[in-house]
Every structure is written in structure tokens, then in C-alpha cells.
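Report on the following structure.
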Amino acid sequence: MLTTLPEFFDKEHEDLLREFEGAQILREYRAAAWQNAVRMPFPGKKDEAWRRISLDALLSTPLEFFPDKKAHLPAGTGISAREAVFYAGTLATGLGINEARLEPALEQAGVIFRDYADVERGDPLLLADINGKVVPPADSKFAAAASALADRGVFLHIPARFRIEKPLLARLAASNPGSAAFTHNIIKLEAGASAVVVLDFASDGAAKQTENGLHAGILEIHLGEGADLTLVELQKFGPKLWNITHERAILERDARLHWVYGALGAALSKNFIETSLIGEGAEVKMHGFYFAGGEQVFDLDTQQNHLAARTNSDLLYKGAAAGSSKTVWEGMIYVDPQAMQTDGFQTNRNLVLSAGAEVSALPGLEILADDVRCSHGATIGKLDEDELFYLQTRGIPRVEAEQLIIEGFFGEITAQVPIAELQSEITEIIKARFELAVQR
Amino acid sequence: MTELEIRNLHVLVNDKEIIRDFNLTIRQGEIHALMGPNGTGKSTLAYTIMGHPRYQITSGDVLIDGESILGLTPDERAHKGIFLAFQYPVSIPGVSLANFLRVALNARNKAVNPDDKGISVVKFRQLLKSKMDLLKMDYQFASRYLNEGFSGGEKKRAEILQMAVLEPRFAILDETDSGLDIDALRIVSEGVNTLAQGHIGVLVITHYQRMLNYITPDFVHIMYGGRIVESGKAELALRLEEQGYEWIREKYGVLPDGIHD
Ligand SMILES: Nc1ncnc2c1ncn2[C@@H]1O[C@H](COP(=O)(O)OP(=O)(O)OP(=O)(O)O)[C@@H](O)[C@H]1O
Ligand SMILES: [Mg+2]
């Protein structure tokens with residue numbers, strides 16, 4: 001079925017939902033989400049969070065909904081043999097792949113790390129009281145659409161007090177050319193649990209993509225009391241994909257989250273990356289990096305919500321823009337009247353690598369409590385000519401000197417990734433992005 | 001015999017002539033000291049030789065063995081064997097001194113020999129350690145970000161470390177002595193002597209005799225108003241140390257418009 005998004009949501013597609021054979025309660029959840037998806041307007045220029053980007057191309061391009069799942073199977077979106085050994089558990093899902101593997105000890109402890117649709121079919125009760133609790137379908141039309149239509153996603157549940165030392169890897173493919181894909185992702189750590197999770201939104205072979213596609217997804221993170229999650233999220237979609245996500249984490253008392261977010265792929269990526277500190281003593285560190293080139297558009301909306309006393313948040317996002325790309329970072333620290341003795345920090349730094357690139361940095365604070373320490377800052381600058389000259393006088397050619405400075409610029413963020421192999425992989429990706437940008 | 005020649009050089013900075021008719025030839029193995037009041041154009045000369053885009057050459061030439069280098073980019077000039085130890089080295093966040101120096105060494109080697117495959121990490125580490133030993137530097141500097149948070153003296157020492165690794169044919173040391181404590185001055189100067197060993201041409205830009213006590217110059221030049229006004233042997237530096245620049249001002253008069261000291 002080839003249709004544009006507005007047409008798709010205009011028609012009665014309730015029959016589509018029959019595809020999903022979950023328990024009654026889940027079918028109700030999807031049906032309610034679908035009602036939202038149909039009822040809510042598409043976001044547009046009048047909506048503050050959306051006014052800096054254009055969805056015109058997305059809304060006017062006919063897309064395939066629910067394509068044959070086996071039809072497009074790019075090589076390499078699975079898990080490599082090396083990764084299978086390195087990670088305590090791996091999950092690859094999307095584009096016809098669905099492979100999950102977990103070390104026996106984790107399995108015995110009751111850890112669940114599987115595809116979302118799989119869980120919906122096999123263990124619907126696991127989802128019943130989690131679904132939509134962090135990112136409600138009513139959040140936006142796209143959130144509602146993903147809630148109603150997701151046919152894949154990452155589901156991770158870690159029981160109370162279970163601490164996983166080795167990291168987990170989830171690879172999610174969602175970029176069929178010419179089609180729309182919806183994902184629902186859930187990470188829930190019960191009280192005292194801990195884990196390091198790599199969430200890899202990949203589309204290998206994507207460089208050759210010629211047709212546009214859409215991924216709309218939601219990510220719901222719930223950290224129970226004292227839970228501790230390190231999440232490294234990498235968006236490496238193909239260059240023709242439109243990517244829209246609503247991602248939110250809720251932290252209960254003394255929970256701790258370190259969220260590293262990397263945006264590298266997609267034609268347009270609009271992401272809401274939010275944390276709500278609802279329990280006293282909760283703490284979040286948000287590190288982000290993005291590198292846009294060509295005609296790419298990145299629009300990252302971050303939110304640090306302090307809703308309880310003695311909560312801490314610290315955000316550092318760094319971006320580079322080359323070619324005629326456009327990047328927007330808009331951040332907000334909100335401090336509730338009850339959130340006394342709160343620290344909230346927010347920094348965004350940008351490198352503009354070409355005259356045609358457009359960069360916006362919009363920090364924001366809304367502080368309704370006394371006795372808080374909050375700060376924000378943003379910079380937009382070019383590569384420093386004196387730094388370049390210095391490196392060149394040591395025999396390093398201009399382009400390599402630029403590359404070295406950019407590597408150093410992002411080094412502050414990549415150093416935050418707790419897995420050495422992944423650090424070098426990210427460094428290599430950034431290098432490749434830069435080389436691509438220079439060629440243009 | 002390789003030589004670096006600066007011939008009738010005129011340089012504008014922000015439309016102001018800073019270097020006017022500057023002439024100097026440095027042969028390999030010679031040590032020249034360049035002294036002169038603040039703002040007389042010494043650093044401008046150094047930057048110009050290295051090819052900083054901000055400095056506009058209106059006439060004159062800079063040549064190595066009779067061949068002009070003015071058409072070359074700064075990295076190509078480095079490949080020709082020129083090195084500048086900066087008066088004010090910049091810091092590069094996120095780039096470790098070791099990583100940077102390895103990239104620099106590989107770039108140089110590749111320029112000299114396009115088939116060069118790059119130095120191995122192990123070999124490079126050995127090389128770097130031996131050079132750090134020469135300058136009595138703590139190895140931890142290798143993993144620190146380039147000049148980031150380095151003290152004034154540490155930066156100067158790191159400049160000479162870079163010179164030691166890159167082994168230039170001509171080195172310009174722009175006030176390398178300033179910021180170094182007494183012991184560091186001796187260590188760094190002896191390091192320069194070891195590296196020079198009679199086969200590097202060195203231009204020591206300085207305000208004081210202190211470094212010249214260790215690095216004995218073959219020639220001392222006084223720069224004033226953008227050009228060399230006096231040249232002599234080592235004694236000339238001693239005379240400046242004793243008498244300052246008053247006699248130069250008397251002899252060469254007030255500086256032309258726009259140049260001050
Ligand atoms: N980028 C610039 N913009 C404006 N003026 C400049 C610039 N660079 C140099 N100048 C001027 O050129 C003159 C020479 O400066 P230069 O740094 O070469 O002096 P110097 O001899 O090295 O002085 P010092 O002994 O203090 O290091 C000074 O008047 C300086 O202000
Ligand atoms: Mg100077």
C-alpha cells in the first residue's frame with residue numbers, strides 16, 4: 001500500500017491493527033493510540049518545537065506501509081561474531097531479522113532482552129503496565145503513530161537488584177527505502193538494577209539508498225529506585241531516511257542515568273530527548289554529539305526536568321555542521337517548585353565547517369524553585385585559524401589538521417563512552433563523516 | 001650547504017607595514033640570535049617564514065637553497081625542514097601530545113617518501129620517550145592534551161620536544177627562554193645544542209643573554225623598525241644586556257609612522 005502520511009492517517013486503517021495479535025489489553029492500547037494518531041494534527045511551523053524544520057517532503061512523499069518484512073534484508077544489520085562474544089546479550093531486530101541472545105546467567109535471573117513485537121505476542125503481560133507510561137501516545141502524532149503501529153523495537157527488562165557488568169547491545173534496523181517503519185522501545189530497570197546498554201539504530205548498506213523512508217519511534221526508559229543505566233545511543237541511519245523519535249527517561253529516587261546520544265545518519269532527524277527526575281537524589285548526565293553534512297537536518301530537543309529535591313542534571317552536546325546542512329539544538333532545564341537543592345547544567349558547542357551550514361543553539365531555563373544552581377551556555381564557532389596554523393607548521397596538511405581538531409572537539413564526548421571498542425568505532429565514523437564532508 | 005635566505009622582505013599586517021626590507025641568510029650549522037625591542041616585528045618575521053595567511057608579503061622572498069618557498073603552505077614549509085617554536089603556543093583540546101606528534105611525524109615522512117607506511121605505535125613510543133628523556137620531561141605529558149593547561153615553561157619545553165621529534169634543518173625559536181625557570185632553561189638549551197650538533201641552522205629570537213650563555217650564537221642581529229640594523233658577534237648581545245636599546249634609538253632615530261617600540 002503506497003500512500004502519503006496525511007492520506008494514511010485520514011483513512012480508516014483500524015484493520016491494520018489486527019496484524020498485532022497481543023492480548024486484549026495491548027490491542028486496546030494500540031487502538032487508543034491509533035485514535036490519537038488520527039485525531040492529532042501533524043506538527044508544523046506554528047509549533048515551537050517544530051518550527052525550525054520542514055516536514056513538507058516527508059508529508060508529500062508516498063510511502064509503503066507494512067511492506068513485506070522479508071523483502072528488504074540488507075547484509076550486516078545482524079550481530080557480528082565478535083560482538084556476540086563481547087556483549088552479555090545481543091538483540092538484532094528489524095528488516096526481517098529477529099535474533100536475541102542472552103548469557104544463561106542473565107536469563108536465569110529473569111532478564112528479558114527481546115524484540116518488542118515478540119514480547120507482545122509471547123508475554124503480553126510484561127508490557128501491560130509499562131506501555132505508554134513514559135511516552136504516552138498523546139505526546140504527538142508521531143508518538144501516537146509509533147505506539148499504534150510499532151512492529152519491532154527493543155525491550156529490556158532487568159529485575160530488581162540485578163547488576164549486569166558486561167554491556168548489552170541492541171541493533172535496530174528501520175530504514176527500508178520507500179517505506180515507513182515504526183518502533184516501540186522500552187528499557188526498564190527495577191530498583192537497584194544496573195546495566196550498560198548500546199542502542200544502535202543502524203541501516204547497513206544504507207549509503208546506496210536512493211529512496212526516502214521514515215522511521216518514527218518512541219523510547220521509554222524507566223529507572224527504579226537506585227537503578228543505574230548507562231545508555232549509548234547511536235543513530236546511524238541511511239542518508240535518505242526521515243527519523244522522528246520521542247525519547248524519555250523517568251528516574252526514581254537515587255536512580256542514575258548516563259545517556260550518550262550520537263546522531264550521525266538520516267536526511268532529517270527530529271528527536272526529543274528528555275529526562276524527568278521524579279525521585280529525590282536522581283541524577284542524569286546527558287552527552288551528545290552530532291555531525292551533519294550534505295543536506296542533512298538535525299533538530300535535537302533536550303529537556304532536563306527536575307521534579308524532586310536534590311536532583312542533578314548535566315548536559316553537554318557537541319555538534320559539527322558541514323556542507324549545506326542544518327543543525328538545531330534546543331535545550332530546556334525545568335526546575336519544579338519542589339525541586340530544591342537542585343543542580344542543572346547545560347552546554348552546547350558547535351563547529352560550523354562550511355559557509356553554507358546553518359547552526360542554531362537555543363538554551364533555556366525555567367526555574368520555579370529557590371536554592372538551585374543552574375547554568376547554561378552555548379557557542380557556535382568556526383575552526384580556529386591559529387590552531388590550524390600551529391598544526392600545519394608541524395607538517396600536518398590542512399585537511400588532516402582540521403580532522404585532528406574535530407576529533408579533539410568530539411573527543412570530550414567519545415571519551416564518555418564506556419566501551420573502548422565503541423569509542424574507536426565512533427571516532428572512525430566521525431572521521432568518515434568529515435572525509436565525506438570534505439569531498440563535497 | 002643548505003641555507004635559508006630572507007631577501008628584501010616587506011610584510012603587511014592589517015595594512016600596516018611591519019617588516020621592511022629585512023635581509024638574513026642562515027646556513028645549516030649556524031646559530032643566529034635575533035634581538036630587538038617589543039613590537040619590532042620578530043614574531044611577525046617568524047610567522048611569515050612559516051606561511052601564516054594573515055601576513056601579507058608585498059615584496060621580497062624567502063628561499064631555501066635558492067628556491068622560493070613563498071608559494072608553499074605551512075605544512076609544505078615544514079616538510080622542507082623549517083620549524084618554529086612558538087612564542088605563544090596554542091592549545092588543542094582533545095588532541096593528545098603523543099597522538100598529534102605521531103600524526104605530524106607520519107605526515108612529514110609521507111611527504112618525503114610517498115610510500116612511507118607510518119611509524120608503528122611501539123616505535124613511536126620509544127622515540128618519544130627518548131626525546132622526552134633528553135628534555136627531562138615527565139612521560140605523562142605525552143598523554144595530555146596538546147598544551148592544554150600546560151604552564152608557560154611546560155609549553156616551551158613541549159615546543160622543543162616537537163622540534164626533537166621532527167628533526168628540522170632550520171629552527172626558529174621565538175622567545176623559547178621566556179617562561180622557563182633556571183634549571184629548565186639549561187635543560188632546554190642543552191637539548192637544543194644536542195639536536196643542533198652543528199647541522200641545524202638556528203634562529204634564536206630573544207630579549208636576554210641568558211639562553212645565549214648556553215647556545216652560543218655565531219651571529220647576533222638587532223632588529224629595529226622591521227629590519228636588521230646591526231649585526232655582530234656574541235658580544236653584541238652582551239652590549240644590549242648592559243646598555244639596552246637607547247643607543248640604537250639614537251643611532252637609527254625615531255621609528256617611522258605606525259611602528260612603535
Ligand atoms: N595580527 C595582528 N594584528 C594587528 N597587529 C599585529 C598583528 N600581528 C602583529 N601586529 C603588530 O605588529 C607589530 C610587530 O609584532 P611582533 O609580534 O612581530 O613583535 P615582536 O618583535 O615579536 O615583539 P615581542 O618582542 O613583544 O614579542 C606589533 O606592533 C604588533 O602589534
Ligand atoms: Mg614576539
Legend entry - Sorted by number, residues from residues 157-173 of chain B in contact with chain A (heavy atoms, under 4.5 Å): B:E159, B:Q162, B:L166
Legend entry - Residue-level interface, residues 78-90 of chain B with chain A, non-hydrogen cut-off under 4.5 Å: B:A78, B:H79, B:I82, B:F83, B:L84, B:A85, B:F86, B:P89, B:V90
Go through the atoms of [X] and report whether side chain, backbone, both or neither lie under 4.5 Å from a heavy atom of chain A.
X      : answer
B:L105 : neither
B:N106 : neither
B:N147 : side chain

Inset, instruction - Go through the steps to decide whether A:D314 and A:N312 satisfy the test side-chain hydrogen bond (donor to acceptor under 3.5 Å, both in side chains), and finish with yes or no. - result: CA-CA 7 Å; A:D314 193 355; A:N312 285 308; over 6 Å; no
Inset, instruction - Check the side chains of B:T25 and B:E3 for a donor-acceptor pair under 3.5 angstrom, ignoring hydrogens and angles. - result: no
Legend entry - Pair B:D133, B:Y139: side-chain N/O donor-acceptor within cut-off below 3.5 Å: yes
Inset, instruction - Check the pair A:D301 / A:K270 against salt bridge (charged side-chain N to carboxylate O under 4.0 Å, His left out), numbers first and verdict last. - result: CA-CA 8 Å; A:D301 243 282; A:K270 170 73 196 170; 2.7 Å; yes
Legend entry - chain B neighbours within residues 401-428 of chain A, where any heavy atom lies under 4.5 Å away: A:L404, A:I405, A:E407, A:G408, A:F409
Legend entry - Partner residues of B:S68 under the side chain to side chain donor-acceptor pair (under 3.5 Å) criterion, sequence neighbours left out: B:D61
Inset, instruction - Any chance you could measure A:M286, atom CE, to A:L257, atom CG, to the nearest 0.5 Å? - result: 8.0 Å
